[in-house]
Amino acid sequence: MTEKRVRVRFAPSPTGPLHIGGVRTALYNYLFAKKHGGDFILRIEDTDQARYVPGAEEYIFEALTWVGLTFDEGVHIGGACAPYRQSERKSIYKQYAEALLQNGHAYYAFDTPGELEAIRKKQESQKQTFQYGPLTRGSMKNSLTLPAEDVKKKLDSGEAFVIRIKIPDNEDVVVNDLIRGVVSVQSNQLDDKVLFKSNGLPTYHLANVVDDYLMKISHVIRGEEWLPSAPLHVLLYKYLGWENDMPQFAHLPLLLKPDGNGKLSKRDGDRLGFPVFPLQWEDTVSKEVSSGYRESGYIPEAVVNLLAFLGWNPGTEQELFSMEELIQSFSIDRINKSGAKFDAEKAKWYNHRYLIKKTDEELLELFFPMLIKKGICSTDDYIQKVISIVRERVNFVHELWDQAHFFFIAPESYDEKAVKEKWKENSPAILTELADRFKNLTEFTAGIIHNAVQEFLKEKQLGMGQVMNALRLTIVGSSAGPDMFKMLDLLGMEETIRRIERAINTIKK
RNA sequence: GCCCCGUUCGUCUAGGGGUUAGGACAGCAGAUUUUCAUUCUGUAAACAGGGGUUCGAUUCCCCUACGGGGUACCA
């Protein structure tokens with residue numbers, strides 16, 4: 001077999017916001033495509049009009065763009081295989097269903113949804129599951145059981161029908177999965193899935209196979225939830241005569257809840273305090289808002305990195321990877337088989353790593369909107385200096401405010417516990433004297449202040465802690481924060497004096 | 001229920017018939033410092049259980065348990 005050009009697709013259905021697991025699936029597809037110099041395609045699988053959610057498609061595109069995934073073909077950009085929205089490809093599926101009808105691998109079925117449901121209910125009450133398949137199709141209403149003329153009559157009269165695949169009897173169907181190896185299923189376990197719905201649209205199974213073939217997809221990389229229907233897809237390729245062009249399959253392990261069990265789901269995010277969606281999403285009906293990584297302050301590069309490592313690893317001890325590095329190192333055979341629990345703590349750590357990689361200018365850019373919101377007015381230069389001395393202390397941009405608010409607003413109250421521990425009987429006296437020293441300094445820079453304080457300590461026979469702790473309280477309002485001398489330098493002498501005096505007058509002991 | 005997939009520290013994972021079972025996050029302890037945090041150093045922590053195969057199994061096979069997925073005219 002000649003080497004096929006690598007072409008992969010990400011094929012979400014626009015039924016709501018893209019789940020973070022979906023982002024990972026897209027990422028793996030992208031990495032694989034780029035690694036092999038292939039194409040990454042976005043196809044929208046909207047064959048279920050009842051579940052269509054307005055805005056979902058835009059959301060998907062925006063989310064993927066945000067994390068830095070770009071498509072070579074797809075909705076929004078077009079390409080040689082356009083259109084890329086299945087609802088716009090409606091007319092092309094019917095012929096393939098008919099070909100299957102022709103060659104005897106599919107048949108018409110006339111059982112109504114109501115009838116099917118009744119049978120399922122009945123079986124269920126007997127603790128059994130009804131499967132429309134090799135064992136049961138003989139007693140159902142379809143072109144296999146009905147006389148040919150009845151079938152024709154029904155068809156001619158416009159009676160609703162579906163087209164079902166005719167699963168073979170007693171045959172081992174083999175799926176060769178790139179991650180799991182050979183997966184074999186007995187065909188009797190499969191059911192005669194509907195391929196073509198009564199509303200004239202194909203189901204996912206038909207559409208996905210037809211489109212992958214027509215779009216010359218070389219590798220189907222998708223979630224593990226598709227593994228059970230992969231044998232069906234293999235059968236379809238075979239019956240459609242495309243066996244030699246069948247893509248290779250890779251079924252990804254699922255993303256699991258961090259606590260307990262089960263697939264990571266919509267509700268987990270807000271319950272456990274981390275987003276499950278890349279972007280914030282407001283439900284069109286319930287107006288319920290689900291948080292997004294972007295809005296929560298995650299850096300896209302960090303999200304990419306942490307997602308890449310949930311189910312895959314390079315086999316080295318390197319933890320931090322840029323997209324380019326991921327592309328270089330990625331390979332399907334290093335993808336894990338088992339599901340991965342999402343670790344919110346590690347996600348924060350990744351964000352911290354990427355945040356401190358940013359320059360002060362970049363952080364200013366990101367931090368600025370928040371300052372505006374707080375009504376802070378300051379110069380870029382000042383803000384950047386502030387950022388430079390607190391940046392190491394945060395995981396998220398919004399935390400910069402928690403670490404730096406006192407650079408913009410003087411403390412109005414003083415942390416009670418800190419006062420109790422750090423504010424001594426003689427603090428006012430010491431600080432008054434220190435403030436006088438400050439006033440006499442010709443220059444007010446970190447180094448000079450440091451020297452002055454040291455001299456002061458020596459003269460007064462005081463320890464660093466006795467003075468600095470109280471001083472910090474006056475400047476910050478609590479006993480936390482970065483290096484004092486750098487802070488004073490930034491704040492300037494006047495503000496420093498003002499804060500010292502205010503604290504002396506305010507803190508009563 | 002039935003079918004499919006899986007199971008190495010709390011979590012993400014490396015490894016693989018003979019290893020001190022390695023790393024990262026989180027934890028704990030120490031160091032640094034004017035505080036808090038960062039950082040650095042150290043430390044604790046795992047092969048689900050039972051049978052085989054083998055000189056030897058965490059690694060290969062089987063069973064059990066547990067977990068996950070599927071079982072729609074949804075994708």
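Only a predicted model underlies this, so the values are computations on that prediction, with no experimental measurement involved. Proteins get letters first, then strands, A, B, ... in listed order; numbering begins at 1 in each.
In this structure, the side chains of A:P17 and A:D283 stay at 4.5 Å or more apart for every pair of heavy atoms. In this structure the side chain of A:V173 never reaches within 4.5 angstrom of the side chain of A:L232, judged on heavy atoms. With a 4.5 Å cut-off on side-chain heavy atoms, A:D191 and A:F130 do not count as touching.
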For this session: For nucleotides 70-75 of chain B, just jot down a letter per nucleotide in 5' to 3' order: B, S or -, based on protein non-hydrogen atoms under 4.0 Å.
Result: S-SBBB
For this session: Mark up nucleotides 22-28 of chain B, 5' to 3', with B wherever a protein heavy atom is under 4.0 angstrom from a base atom, S wherever such an atom reaches only the sugar-phosphate, and - elsewhere.
Result: SSBB---
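Within the structure, a side-chain polar atom (N or O) of A:N313 is placed less than 4.0 Å from OP1 or OP2 of B:A14. Contact annotation: A:N336 reaches the phosphate of B:U13 (side-chain N/O to OP1 or OP2, under 4.0 Å). Applying the 4.0 Å criterion to OP1 and OP2 of B:G15, one finds that A:R334 has a side-chain N or O inside that range.
With both ends at atom P, the span from B:C2 to B:C61 equals 24 Å, rounded to whole Å. Comparing the C1' positions of B:U54 and B:A72 gives an interatomic distance of 50 Å, to the nearest angstrom. Comparing B:A29 with B:U13, their C1' atoms sit 25 Å apart, to the nearest whole Å. B:A14 and B:C40 are spaced 24 Å apart, taking the P atom of each and rounding to whole Å. To the nearest whole angstrom, the two P atoms, one in B:A46 and one in B:A37, are 29 Å apart. For the P atom pair drawn from B:U41 and B:A26, the interatomic distance equals 14 Å after rounding to whole Å. Comparing B:C3 with B:C60, their P atoms sit 24 Å apart, to the nearest whole Å. Taking atom C1' in both B:G50 and B:C12, one finds a spacing of 29 Å when rounded to whole Å.
Taken to the nearest 0.5 Å, the OG atom of A:S143 stands 8.5 Å off from the CG atom of A:L155. With rounding to the nearest 0.5 angstrom, the NZ atom of A:K193 is 8.5 Å from the CD1 atom of A:I167.
Side-chain rings of A:F330 and A:Y28 approach one another, their centers coming within less than 6.0 Å.
With sequence neighbours left out, A:Y132 forms a ring-ring contact (aromatic ring centres under 6.0 Å, His included) with no residue at all.
When atom types are taken as modelled, the side chain of A:R499 and the backbone of A:I475 share a donor-acceptor pair closer than 3.5 angstrom. Although no hydrogens or angles enter the test, the distance criterion places a donor-acceptor pair under 3.5 Å between the side chain of A:Y293 and the main chain of A:P275. Side chain of A:S187 to backbone of A:D172: no donor-acceptor contact under 3.5 angstrom is found.
Ring planes of A:F274 and A:F342: parallel class, angle under 30° (limits at 30 and 60°). Ring orientation note: the planes of A:H251 and A:F249 are close to parallel, at an angle under 30° on the 30°/60° scale.
Taking atom NZ of A:K337 as the reference point, atom C1' of B:G69 lies 17 Å away to the nearest angstrom. Atom-to-atom, CG of A:D172 to P of B:C4 comes out at 10 Å; the value is rounded to the nearest Å. Atom-to-atom, CZ of A:R180 to C1' of B:G6 comes out at 7 Å; the value is rounded to the nearest Å. A:R24 places its CZ atom 12 Å from the C1' atom of B:C12, with the value rounded to the nearest Å. Distance A:L471 CG to B:U35 P: 13 Å, rounded to the nearest Å.
Of the options A:F456, A:F444, A:F485, a ring-ring contact (aromatic ring centres under 6.0 Å, His included) to A:H450 is made by A:F485 and by none of the others.
A:D333 and A:S331 form a side-chain donor-acceptor contact under 3.5 Å, judged by distance and modelled atom types alone.
Taking for each of A:L227 and A:K422 the nucleotide of RNA chain B with the nearest heavy atom, the 5'-most of the two is the partner of A:L227. Toward the 5' end of RNA chain B, the nearer of the two residues A:R472 and A:Q186, judged by each one's closest nucleotide, is A:Q186.
Near-neighbour residues of RNA chain B inside residues 451-462 of chain A, defined by a heavy atom below 4.0 Å, are absent.
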Distances under 3.5 Å between protein N/O atoms and the N/O atoms of nucleotides 62-66 of chain B, please, pair by pair.
none

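For residues 200-210 of chain A, every residue pair satisfying the side chain to side chain donor-acceptor pair (under 3.5 Å) rule, not counting sequence neighbours, is listed here: A:Y204-A:N208, A:Y204-A:R222, A:N208-A:D212.
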